[in-house]
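We use all heavy atoms of the structure for the numbers below, so side chains are in, but hydrogens, waters and symmetry mates are not. Letters A, B, ... mirror the listed sequences (proteins, then strands); counts begin at 1.
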Number of protein chains: 2
Amino acid sequence: MGESCAPAGGVAAAATDTVGATAAEGLAASWPARVRGLAGWLVNKTAVHSHRLTAEAFTAVGGRRFHYALLASLEEFGSSSQADLGRHCGFDRSDVATMVNELVQAGHVERAQDPADRRRNIIAITPAGRSRLADFDVVAADLQDVFLAPLDTEERAELISLLTRVLEHHTALHGFAREPHPGA
Amino acid sequence: MGESCAPAGGVAAAATDTVGATAAEGLAASWPARVRGLAGWLVNKTAVHSHRLTAEAFTAVGGRRFHYALLASLEEFGSSSQADLGRHCGFDRSDVATMVNELVQAGHVERAQDPADRRRNIIAITPAGRSRLADFDVVAADLQDVFLAPLDTEERAELISLLTRVLEHHTALHGFAREPHPGA
DNA sequence: TGCCAACGTTGGTGTCGCCAACACTAACAA
DNA sequence: TTGTTAGTGTTGGCGACACCAACGTTGGCA
């Protein structure tokens with residue numbers, strides 16, 4: 001890429017002129033071209049904002065990031081083993097154990113041994129959990145709006161579609177944590 | 001969303017039937033609709049794959065994730081203070097200190113006090129650093145291809161464009177770490 | 001001269017993704 | 001019936017990362 005020269009005795013003025021830019025337009029110009037052209041770099045940096053916004057939003061209503069995914073999974077797919085919960089939501093089964101404990105403690109799910117297979121626990125959402133999920137739905141909708149604020153409806157759908165395909169691809173190849181998968 | 005019923009005495013068969021799906025097509029159907037429609041969730045999950053792939057790729061050539069961004073920034077924008085390096089690359093200045101130490105140690109950058117402002121260090125890329133950057137360029141190109149494998153050229157450009165706009169938006173609002181910004 | 005802010009450093013924290021190891025349980029083949 | 005393999009859940013733990021406070025030095029400005 002183009003090489004710039006620092007003036008004698010100091011920092012390149014052009015660099016400092018753009019680094020502090022506050023207008024969103026052209027802000028990417030202050031990031032190195034090599035990395036701002038990398039989807040991985042963009043995804044990682046964007047995820048940091050998403051993570052912070054999500055944590056703030058759910059903490060504000062006394063929730064945790066993973067609560068939504070787990071409750072949503074139970075609501076949609078019905079009662080589930082912890083292992084399957086992890087598969088639906090992309091969580092390691094050791095983390096699921098801790099998360100489920102928290103939701104049981106909160107009364108939002110209940111756990112019972114599967115009489116058909118005593119290796120498994122059956123996790124079910126409770127009425128309180130359903131109520132909680134409805135609360136989270138509002139949080140999630142606001143969050144989506146905030147997170148995708150610079151995009152219109154069509155662009156939002158496009159971003160979600162492209163990300164989904166990339167995530168499907170890599171999930172198929174790698175799986176979520178600690179799962180057997182083809183090619184392993 | 002649609003409610004499914006677990007059969008008496010066990011886990012809902014439909015759920016387990018789709019959880020283990022290995023074909024990428026429709027894999028998203030195994031994720032709760034509430035979350036798979038959230039860009040934030042998708043970005044976070046995709047970032048986990050990106051992070052792993054990036055770490056693996058750079059580690060394989062004896063590098064670290066942040067090496068590329070820092071060297072790229074110095075190459076493109078010229079010598080820079082540590083604070084400006086952090087601004088260009090989205091790193092906290094305390095982390096930049098550690099990263100620069102590592103690059104100095106490796107001989108890929110050199111550090112000198114700014115005679116014009118003794119608060120600042122001037123960080124410059126070295127010939128060895130330029131050579132290293134060229135190595136990383138190859139790694140990054142391969143990485144991009146692997147990461148965006150399921151997308152064609154136009155879709156890749158679209159994803160990068162959309163992510164860039166979202167990242168610009170949130171960077172403008174929030175900044176990278178520990179920076180004054182409008183509305184703070 | 002005093003105040004405010006920038007820079008760089010040090011030390012530290014909390015979260016997260018991931019993993020090993022183990023005990024229990026189930027399915028299946030010999 | 002026995003041994004093997006694998007699934008499930010739990011516990012304990014690790015490394016990376018993003019983030020922050022606090023401090024000393026330096027510079028700009030009123």
Round to the nearest Å and state the distance from B/Met99 atom CE to C/dT10 atom C1'. 16 Å

For A/Arg118, the side-chain hydrogen bond (donor to acceptor under 3.5 Å, both in side chains) test, sequence neighbours excluded, returns none

Atom CG of A/Asp114 to atom P of C/dA27: distance rounded to whole Å? 11 Å

For the side chain of A/Arg118, starting at C-beta, report the closest nucleotide among C/dC16, C/dC18, C/dT25. C/dT25

Distances for protein N or O near nucleotides 8-12 of chain D N or O, under 3.5 Å:
from	atom 1	to	atom 2	distance (Å)
D/dT8	OP1	A/Arg120	NH2	3.2
D/dT8	OP2	A/Arg87	NH2	2.5
D/dT8	O3'	A/Arg119	O	3.4
D/dG9	OP1	A/Gln82	N	3.2
D/dG9	OP1	A/Asn121	N	2.7
D/dG9	OP1	A/Asn121	O	3.2
D/dG9	OP2	A/Gln82	N	3.3
D/dG9	OP2	A/Ala83	N	2.5
D/dG9	O3'	A/Asn121	ND2	3.2
D/dG9	N7	A/Arg93	NE	3.1
D/dT10	OP1	A/Arg111	NH1	3.2
D/dT10	OP1	A/Asn121	ND2	3.4
D/dT10	OP2	A/Gln82	OE1	3.1
D/dT10	OP2	A/Gln82	NE2	2.4

Has A/His51 got a side-chain N or O lying under 4.0 Å from the OP1 or OP2 atom of D/dA18? no

Could you give the CZ-to-P distance, from B/Arg52 to D/dC17, as a whole number of Å? 14 Å

List in chain and number order the residues that pass ring pair (Phe, Tyr, Trp, His ring centres under 6.0 Å) with A/Phe58, two or more places apart in sequence or in another chain; answer none if no residue qualifies. A/Tyr68, A/Phe136

Hey, can you pull the residues of residues 58-71 of chain B with a non-hydrogen atom under 4.0 angstrom from DNA chain D? B/Arg64, B/Arg65

Send over the distance from A/Asn44 CG to D/dC17 C1', rounded to a whole Å. 11 Å

Once side chain to side chain donor-acceptor pair (under 3.5 Å) is applied, what residue pairs with a partner in residues 141-151 of chain A remain, sequence neighbours excluded? A/Asp145-A/Arg156

For residues B/Phe66 and B/Glu102, determine if any side-chain heavy atom of one lies less than 4.5 Å from a side-chain heavy atom of the other. yes

What residues, two or more places apart in sequence or in another chain, satisfy side-chain hydrogen bond (donor to acceptor under 3.5 Å, both in side chains) together with B/Ser73? none

Residues at least two apart in sequence or cross-chain that pass side-chain hydrogen bond (donor to acceptor under 3.5 Å, both in side chains) with B/Glu158, listed by chain then number, are none

List the atom pairs, donor and acceptor, that lie under 3.5 Å between side-chain atoms in residues 146-154 of chain A and the rest of the protein, sequence neighbours left out.
from	atom 1	to	atom 2	distance (Å)
A/Asp152	OD1	A/Glu154	N	3.1
A/Asp152	OD1	A/Glu155	N	2.8

Residue list, side chain to side chain contact (heavy atoms under 4.5 Å, CB included) with A/Arg119, at least two apart or on another chain: A/Asp117

